[in-house]
Amino acid sequence: TLLDGLQDSLQRAKAIKFRTPYQTNPCTREALNNGEFAFVDLHLSQLAQEIRYGFYGKINVAIVEACDVTEDGEIVPTTGVGITPTICRLADIVIVELNKKAPPKLRGIHDIYELQDPPRRREIPIYEIQNRVGLQYVKVDPNKIRVVETERDGEGSGFAPVDELTARIGENVANFFVGEINAKRIPHHFLPIQSGVGNIANAVLSAMGDHPDIPRFEVYTEVIQDAVIDMMQKGNISFASGCSLTVSNEVLQKFYDDLDFFKKKLVLRPSEISNNPGLVRRLGIISLNTAIEVDLFGSVNSTHVNGTKMMNGVGGSGDFTRNAYLSVFLTPSTAKNGAISCIVPKVTHEDHTEHSVKIVVTEYGVADLRGEDPRSRAA
C-alpha cells in the first residue's frame, strides 16, 4: 500500500534475496531472523569499495532519491548520500526518484567524493571537518538516467523523550568529559563527536549541550539525529559532517525551513568518507555508540540479542570505535525491566573486542578501561 515504506513493501512481496550492510526496519528484522533472505552485516565504510572491487557482482540498477537532476547528468541527493556515487557510476540504469518534497535548494550541502582503488589511492585531503574536497552533486552519464517524480514526506519517526535512565547516562557522560578536559586528556576546545543511532545516543548529546562546562563542539558522524539539529540552532554545535539525516519529520521540516543557516554549518558526504578510519584517526574523533551487552573483559555486543537474533547491524560503530581518540559505549545496566543484565561474564556475540573499547557508561557510572589489565577491567 502507499502507507508502506519501501522495505515493508519489498518484504511482503518476498522480493528481497540478499541485503547488506544494515537495517532498522522491524518487518525486515523479523524476516532476516526467520531466514527468509541472506543478510551480511558489514562495516559501512567498506561497502562502496567492496562493490567497486567486484566482491558483490555487477550492479544492474541503482535507485536513488534526489531533489534535483539536470539534463547533463547532475544528480543532487536529498538528505542521504550513502554509496550513491559508486552505484550510480557502476549501474547500467539509474532510476532517480525526484522528490518534490525535498527542496532543490539542498544543492550545495553535499560533498561528493569517491575514493580511488589501490594502488592509486591518495590521502583524503580533509584536515578539518569543514573542508570540502568533492562535488555538490553526483555526476552520471545522462543516457543511464530514468526519472520518476514523487512527492512524499520523509519516513522519520520521533525519538523517545529523555527519561530518568537516559538522563543519568547522559549526565555521567557529560561529567566524565568535563573531568577529561580538566585533566588535559581532552583539549579545552574539545574534539569532534561521533554519535550512533538511537534514543540513548540522542539523549547523551542533549545532556552534553546542557552541561555548562562542555564547550561548543563539532560533530563528525555517520547519522545526524534530532539532537544535533536542535543543538546547532541553539549554538551548542558549531559544525556537523555526516552521511545522512535520520530525523523525525518535524525536525526535517525545521531543517528545510532554515536551509540558509544549515548549509553554512553542515555537510553530507558518502559513507566511505563519513566513516573513513583514516579520517577518524586524523581528526581525533570521540565515538559514542550503544551496546546491547558488555562483558567483564570490556568486549561489546552491539548487534545480536542473546547472540542469535540480529537487531540492526554493526553499522558504522566499528569504523569509529577501532580508530577513535576515545571510544565510549553506552548501555543501561539491565534490559526487559531489570530481567536481563547488560553486563555479562562473556558477550554472546562479539562486535568490538576489549582492545578497542575504552569507556563503558551506564546509569550507575563510568568504567574507564584504559590501561587496565583483565582483572582490573572486570572490577
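Summarising the local packing, CG of Asn182 is surrounded by more than 12 heavy atoms from other residues, nucleotides or ligands at distances under 6.0 Å. Environment of CD in Glu71: sparse, with no more than 12 heavy atoms of neighbouring residues, nucleotides or ligands closer than 6.0 Å. Other residues, nucleotides and ligands place more than 12 heavy atoms under 6.0 Å from the CZ atom of Phe261. Environment of CZ in Arg120: sparse, with no more than 12 heavy atoms of neighbouring residues, nucleotides or ligands closer than 6.0 Å. Counting heavy-atom neighbours within 6.0 Å of His189 NE2, excluding the residue itself, gives a total above 12. Gln130 CD: more than 12 foreign heavy atoms inside a 6.0 Å radius. For NZ of Lys264, the number of neighbouring non-hydrogen atoms (other residues, nucleotides, ligands) closer than 6.0 Å is 12 at most. The environment of CZ in Arg322 is sparse: at most 12 heavy-atom neighbours from other residues, nucleotides or ligands sit within 6.0 Å.
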Pair Ile109-Phe255, side chain to side chain contact (heavy atoms under 4.5 Å, CB included): steps then yes or no: CA-CA 12 Å; Ile109 207 166; Phe255 173 77; 3.5 Å; yes
Decide side chain to side chain donor-acceptor pair (under 3.5 Å) for Gln225 and Ser195; before the verdict, give the C-alpha distance in whole Å, the side-chain angles of both, and the deciding distance to 0.1 Å. CA-CA 9 Å; Gln225 300 191 126; Ser195 178; 4.6 Å; no
Could you walk me through whether Tyr22 and Val197 satisfy the side chain to side chain contact (heavy atoms under 4.5 Å, CB included) test, starting with their C-alpha distance in whole Å, then the side-chain angles of each, then the deciding distance to 0.1 Å, before giving a yes or no? CA-CA 12 Å; Tyr22 188 75; Val197 178; 4.1 Å; yes
Under the salt bridge (charged side-chain N to carboxylate O under 4.0 Å, His left out) rule, what do Glu372 and Arg377 come out as? Steps first, then yes or no, please. CA-CA 6 Å; Glu372 304 289 354; Arg377 292 169 79 89; over 6 Å; no
Show, in sequence, the C-alpha distance, side-chain angles and deciding distance for Val64 and Val94, and conclude whether the side chain to side chain contact (heavy atoms under 4.5 Å, CB included) test is met. CA-CA 7 Å; Val64 299; Val94 178; 4.1 Å; yes
Between Tyr325 and Val280, is the side chain to side chain contact (heavy atoms under 4.5 Å, CB included) condition met? List the steps. CA-CA 8 Å; Tyr325 179 93; Val280 173; over 6 Å; no
Please step through salt bridge (charged side-chain N to carboxylate O under 4.0 Å, His left out) for the pair Asp72 and Lys139, ending with a clear verdict. CA-CA 8 Å; Asp72 61 348; Lys139 190 71 171 75; 5.1 Å; no
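Applying the side-chain contact (heavy atoms from CB on, under 4.5 Å) test to Ala31 and every residue at least two apart in sequence or in another chain returns Gln11, Glu36, Phe37. In this view, Pro277 and Ser45, Asn323 satisfy the side-chain contact (heavy atoms from CB on, under 4.5 Å) rule, not counting sequence neighbours. Residues satisfying the side-chain hydrogen bond (donor to acceptor under 3.5 Å, both in side chains) criterion with Asp68, sequence neighbours excluded, are absent altogether. Applying the side-chain contact (heavy atoms from CB on, under 4.5 Å) test to Asn131 and every residue at least two apart in sequence or in another chain returns Ile126, Tyr127, Glu128. Residues that satisfy the side-chain contact (heavy atoms from CB on, under 4.5 Å) test with Glu151, not counting sequence neighbours, are Lys100, Lys101. Partners of Arg216 by side-chain hydrogen bond (donor to acceptor under 3.5 Å, both in side chains), not counting sequence neighbours: none found. Remark: Arg168 engages Glu164 in a salt bridge (charged side-chain N to carboxylate O under 4.0 Å, His left out) (not counting sequence neighbours).
You'll find the side chain of Leu32 stays beyond 4.5 Å of the side chain of Arg19, heavy atoms only. Two residues are said to be in side-chain contact when any heavy atoms from C-beta on lie closer than 4.5 Å; Phe177 and Ile214 meet this criterion. Contact annotation: the side chain of Asp260 approaches that of Lys105 to within less than 4.5 Å [non-hydrogen atoms, C-beta and beyond]. The shortest distance between side-chain heavy atoms of Lys358 and Asp368 does not fall below 4.5 Å. Two residues are said to be in side-chain contact when any heavy atoms from C-beta on lie closer than 4.5 Å; Cys88 and Val140 meet this criterion. A 4.5 Å side-chain heavy-atom check between Leu191 and Phe217 finds every atom pair outside the cut-off. Within the 4.5 Å cutoff, the side chain of Ile224 has no heavy atoms near those of the Thr246 side chain. For the pair Ile229/Val247, a side-chain contact is recorded, criterion being any heavy-atom separation below 4.5 Å from C-beta on.
Using a 4.5 Å cut-off between side-chain heavy atoms of Ile, Leu, Val, Met, Phe, Trp and Tyr, Leu296 falls into a hydrophobic cluster with Val294, Val300, Phe329, Ile343, Val357, Val360, Leu369. Counting side-chain heavy-atom gaps under 4.5 Å among Ile, Leu, Val, Met, Phe, Trp and Tyr, the cluster of Val148 also holds Val61, Ile63, Ile93, Ile95.
When all heavy atoms of Ser341 and Val344 are compared, the closest pair comes out as O-CG1, 3.6 Å. Here the closest non-hydrogen pair linking Cys342 and Thr331 is CB-OG1, 3.6 Å. Contact detail for Gly73 and Ile145: the closest heavy-atom pair is CA-CD1, 3.9 Å. Of all the heavy atoms in Gly316 and Leu44, the pair that sits closest is N-CG, 3.9 Å.
Between Ile359 and the options Leu288, Val173, Ile286, Val328, a side-chain contact (heavy atoms from CB on, under 4.5 Å) holds for only Val328.
Judged purely by distance below 3.5 Å, without hydrogens or angles, the side chains of Gln136 and Asp111 never pair a donor atom with an acceptor atom. In this model, no donor atom of one side chain and acceptor atom of the other lie less than 3.5 Å apart for Thr24 and Asn312. Side-chain contact annotation: His43 with Asn275, donor-acceptor N/O pair under 3.5 Å absent. Side-chain polar atoms of His352 and Ser299 form no donor-acceptor pair below 3.5 angstrom. Side-chain contact, Asn276 with Glu272: no donor N or O sits under 3.5 Å from an acceptor N or O. Asn306 and His304 are not linked by any side-chain donor-acceptor pair at a separation below 3.5 angstrom, with hydrogens and angles left out of the test. A donor and an acceptor atom, one from each side chain of Gln194 and Tyr220, are nowhere located under 3.5 Å apart.
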Just distance, no hydrogens or angles: give the donor-acceptor pairs under 3.5 Å from side chains in residues 235-245, sequence neighbours left out.
residue : atom : partner : partner atom : Å
Asn236  : ND2  : Gly209  : O            : 3.4
Ser241  : OG   : Arg269  : NE           : 2.8

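Here salt bridge (Lys or Arg N to Asp or Glu O under 4.0 Å) pairs that include residues 285-308, with residues two or more places apart or in two chains, are Asp295-Lys346. For residues 77-96, the pairs satisfying side-chain hydrogen bond (donor to acceptor under 3.5 Å, both in side chains) are Arg52-Thr86, Lys58-Asp92, Glu65-Thr78, Thr86-Glu114, Arg89-Glu114, with sequence neighbours left out.
A salt bridge between Arg375 and Asp373 is absent, with no side-chain N of the basic residue lying under 4.0 Å from a carboxylate O of the acidic one. Comment: Arg107 engages Glu74 in a salt bridge, judged by a side-chain N to carboxylate O separation of less than 4.0 angstrom.
A single hydrophobic cluster is seen to contain both Met208 and Met232, as judged by linkage of ILVMFWY side chains at heavy-atom distances under 4.5 Å, directly or through other members. Under a hydrophobic clustering in which Ile, Leu, Val, Met, Phe, Trp and Tyr are joined whenever their side-chain heavy atoms come within less than 4.5 Å, directly or via other members, Phe190 and Ile129 fall into different clusters.
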